[in-house]
Participant: 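This is the structure, below, for whatever I ask next.
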Amino acid sequence: MSADDHHDHHNPPFWQKYIFSTDHKMIGMQYGITALLFLLFGFFLMMMMRWSIAYPQEPVPTWMSWVFTDEWKARWLTAGKVEGETYNMFGAMHGTIMVFLGVVPLGFGAFGNYVTPLQIGAPDMAFPKLNCASYWLYAVGGLMMCGSFFLESGSAKSGWTNYPPLSSFADSQHPNQFFTGQTQWLLGLVFLISSSLLGSVNFITTIINLRCKGMTWMRLPFLVWAMLVTGFLLLLAFPPLEVAGIMQVVDRTFGSSFFQPTGLYTDAGAADYAGGGSPLLFQHLFWFLGHPEVYVLLLPSIACVAEIIPTNTRKPLWGYKSMVYAVIVLGFLSFIVWAHHMYLTGMGPSVSTFFQTTTVLISVPSVVLITSLLISLWGGSIRFSMPMIWACAFLPMFGIGGLTGLPLAFNLVDLHLHDTYYVIGHFHYVVAPGILFGLFAGIYYWYPKMFGRYMSNVLGHLHFWPSLIFINLVFFPMLLQGMAGFHRRWYNGGDGYLPAEGSEDVFGQTVTEWIGLNQLMSISVFCLAAAQIPFIINLFTAWKTGKKVENDNPWDATTLEWATPTPPGHGNFTFDVAAYRGPYEYSRPDCEEDFYPQWHEPVETTSSDLDAGIAPKDSH
């Protein structure tokens, strides 16, 4: 079958094309739009939390609380204010939504689905129907979790890590444990993990088996390598947490004791459990996934940046092979560092020394990646396009996130900083200005391929500069407060620890010194929210009003997705595609133009060229 045959007579009905689609491009866009909506909701929950922290004595203003019904507000807001139980609900769901429903589906689900088959020259994913099932499992799991806000119990309140025995007893006063927020959170998690497992199998199979002619391993774009390693991380790390989720559902609904220890007491007296379970077992199962999950978040983002920088510097990606080996080592090491999240559980010096060592070691491949990207900028003819501006901002932001994590590798330091705002600041520097900046860069970069139009540069700048400024004003003060001892779970921002006048309470005086940063951070959050409005307008209007692309390769890039029509049709390619060289052939001295795409066939030098003294060349 020729490539042209893929494009003939393919006109599915609406529901099959846009709802239950098996086309990897449509599924990628479904993942992208759904993930952005979840990110918006998760951001709103953060705004509610920040209001409670900065203004604990004031009711939530109408411009935020209008989202909720009067009945809901009467139940969960005390005189219009966010109190401890509601704050815990917002905190648990914010973390869950941003990680499991937002960033991972946007990076791996959206960019992975849309771009990976195009970059390897494949007509689609290996298992299209499995791909469709993966998206709908994700959507159903997300709706189950978020829909639990409307249950009588409210949503989950035991933190996004869901530690037992607290999470096992949560909502225990309700007679039907199945229809409680905590149980629905666990069931939703099982759906999300099943979705990720289907996706990971699909990605691994596609990358190994569906590469086009000539696409050898070292001709793969770095994004494809990142998606392959991410697929293996999901495949190997998620099953333990899925099992843990099912076991905790059984604990909650049938009274088993997988994670319930003996001798627990509640307000009602001795807990009615057989006991003998281990709460620490759940922590091990959670964090065995939890740290590879950090790289599931990171790798698609850093891969977007690695595609954008060569295109906009007009030079090859520096250290391509080193980056490939680094990302493989990173994937391996991510499985042997999980217990650095558990230093306070009482592990002995030998075990903690092992995890301190592996945690420091895992910084080495991360440094290789970030250094290669920085050196790639050196000597380049840099185009400061909108994708490139976001990609450049990613580098220092991710660097701050990585550097602030190094102290937490040591158990002595972690004893002081654990569960403080320092940890929140560190993690959010990695995820928000780090990972999300890389993903924003990817949206601006591949949008012209998806829709045939550029996103507005004016709206792009209105999105970027306020985001860069205010996101630092949100998270950098957290590092300072954390070192001063501010706890991450204070729903009133430390207001309860303010000392009475004339008191010599040293900690209270420390809180007094640093509590003023709460208002700075919260106001910055509201400004950061306003900065996303230009992006939302841009995203949903540029496909109609944006400037049309001049050709199928508007960035003059070299990887195979730019060889497709714009937007790509069914089957993707209109010719029998092949890869003739590496993915980043820019500014070659033997080439007439400053880019040499993978799909261009080499030009053979004729005998007349040789007679004329023209040396053999590989140009186009």
Side-chain angles (χ1 to χ4, degrees), residues 91 95 99 158-167 233 237 240-241 244 259 261 277-298 329-368 370 398-431 434 475-490 494 506-507 510-511 514:
V99 172
S158 303
W160 79 280
T161 53
N162 202 54
Y163 285 171
L166 177 64
S167 58
L233 293 179
L241 183 58
F259 304 122
S278 171
L280 280 184
L281 173 60
F282 182 89
Q283 290 195 33
H284 281 292
L285 294 173
F286 182 91
W287 287 116
F288 186 76
L289 166 276
H291 207 82
E293 178 78 357
V294 172
Y295 298 99
V296 171
L297 299 169
L298 170 65
V329 172
L330 194 70
F332 169 75
L333 288 176
S334 71
F335 285 102
I336 54 174
V337 299
W338 80 89
H340 68 217
H341 296 274
M342 300 170 58
Y343 285 144
L344 267 65
T345 59
M347 65 179 68
S350 299
V351 175
S352 64
T353 300
F354 171 79
F355 283 106
Q356 288 176 93
T357 304
T358 56
T359 303
V360 172
L361 283 176
I362 203 170
S363 66
V364 175
S366 300
V367 170
V368 170
I370 204 78
F398 175 67
I400 293 173
L403 288 172
T404 53
L406 280 175
L408 299 173
F410 302 99
N411 61 350
L412 179 63
V413 178
D414 190 67
L415 182 66
H416 173 64
L417 295 177
H418 187 83
D419 264 352
T420 68
Y421 264 103
Y422 184 92
V423 177
I424 299 296
H426 150 66
F427 180 68
H428 281 79
Y429 255 108
V430 173
V431 175
F475 297 121
F476 192 82
M478 290 184 180
L479 302 173
L480 304 177
Q481 281 192 337
M483 288 187 284
F486 275 57
H487 198 278
R488 65 188 293 184
R489 303 193 194 280
W490 288 349
V506 175
F507 185 64
T510 303
V511 171
W514 295 99

Participant: Are there more than 12 heavy atoms of other residues, nucleotides or ligands under 6.0 Å from atom CZ of Phe507?
Facilitator: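 Buried by this count: over 12 neighbours within 6.0 Å.
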Participant: Testing Phe286, Tyr295, Phe355 for ring pair (Phe, Tyr, Trp, His ring centres under 6.0 Å) with Trp338, which one passes?
Facilitator: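 Only one option passes, and that is Phe355.
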Participant: Assess the residue pair Leu480 and Tyr421 against the criterion (side-chain contact (heavy atoms from CB on, under 4.5 Å)); give the C-alpha distance rounded to whole Å, side-chain angles, the decisive distance to 0.1 Å, and a yes or no.
Facilitator: CA-CA 8 Å; Leu480 304 177; Tyr421 264 103; over 6 Å; no
Participant: Can you tell if the side chain of Pro240 reaches within under 4.5 Å of the side chain of Leu289, non-hydrogen atoms only?
Facilitator: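 SC-SC contact between Pro240 and Leu289 ruled out.
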Participant: Taking Tyr343 for the side chain and Leu412 for the main chain, is one N or O donor matched with an acceptor at less than 3.5 Å?
Facilitator: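 No; zero donor-acceptor contacts below 3.5 Å.
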Participant: Quick one: are His340 and Leu408 in side-chain contact, heavy atoms under 4.5 Å?
Facilitator: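 No; the side chains remain at least 4.5 Å from each other.
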Participant: Do Phe282 and Asn162 touch side chain to side chain, with heavy atoms closer than 4.5 Å?
Facilitator: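 Side-chain contact under 4.5 Å: yes.
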Participant: Do Thr161 and Trp287 have side chains that get closer than 4.5 Å, going by heavy atoms?
Facilitator: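 The answer is yes, as the side chains (C-beta and beyond) meet within the 4.5 Å cut-off.
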Participant: Treating Gln481 as the side-chain partner and Trp514 as the backbone partner, does any N or O pair qualify as donor plus acceptor under 3.5 Å?
Facilitator: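 Side chain of Gln481 to backbone of Trp514: a pair is present.
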Participant: Quick one: does Phe475's side chain get under 4.5 Å of Ile424's, heavy atoms only?
Facilitator: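 No; the side chains remain at least 4.5 Å from each other.
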Participant: Count the heavy atoms belonging to other residues, nucleotides or ligands that lie under 6.0 Å from CZ of Phe476, then report whether that count exceeds 12.
Facilitator: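 Open: at most 12 neighbouring heavy atoms sit under 6.0 Å from CZ of Phe476.
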Participant: Spell out, as yes or no, whether a donor-acceptor pair under 3.5 Å connects the side chain of His418 to the backbone of Asp414.
Facilitator: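 Side chain of His418 to backbone of Asp414, a donor-acceptor pair under 3.5 Å: no, none is there.
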Participant: Please assess Phe288 against Leu241 for the test side-chain contact (heavy atoms from CB on, under 4.5 Å), listing each intermediate value before the final yes or no.
Facilitator: CA-CA 8 Å; Phe288 186 76; Leu241 183 58; over 6 Å; no
Participant: Is Val413 close to His416 at the side-chain level, that is, under 4.5 Å between some pair of heavy atoms?
Facilitator: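 Answer no - side chains too far apart.
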Participant: Check for a donor-acceptor pair, side chain of His487 on one end and backbone N or O of Thr420 on the other, with a separation under 3.5 Å.
Facilitator: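 Flag not set: sc His487 to bb Thr420 has no pair under 3.5 Å.
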Participant: Would you indicate whether the side-chain heavy atoms of Thr359 and Phe410 approach each other to under 4.5 Å?
Facilitator: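 Side chain of Phe410 against side chain of Thr359, heavy atoms only: no contact under 4.5 Å found.
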Participant: Side chains of Thr404 and Tyr422: does their closest heavy-atom pair fall under 4.5 Å?
Facilitator: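 Heavy-atom side-chain distance check passes, below 4.5 Å.
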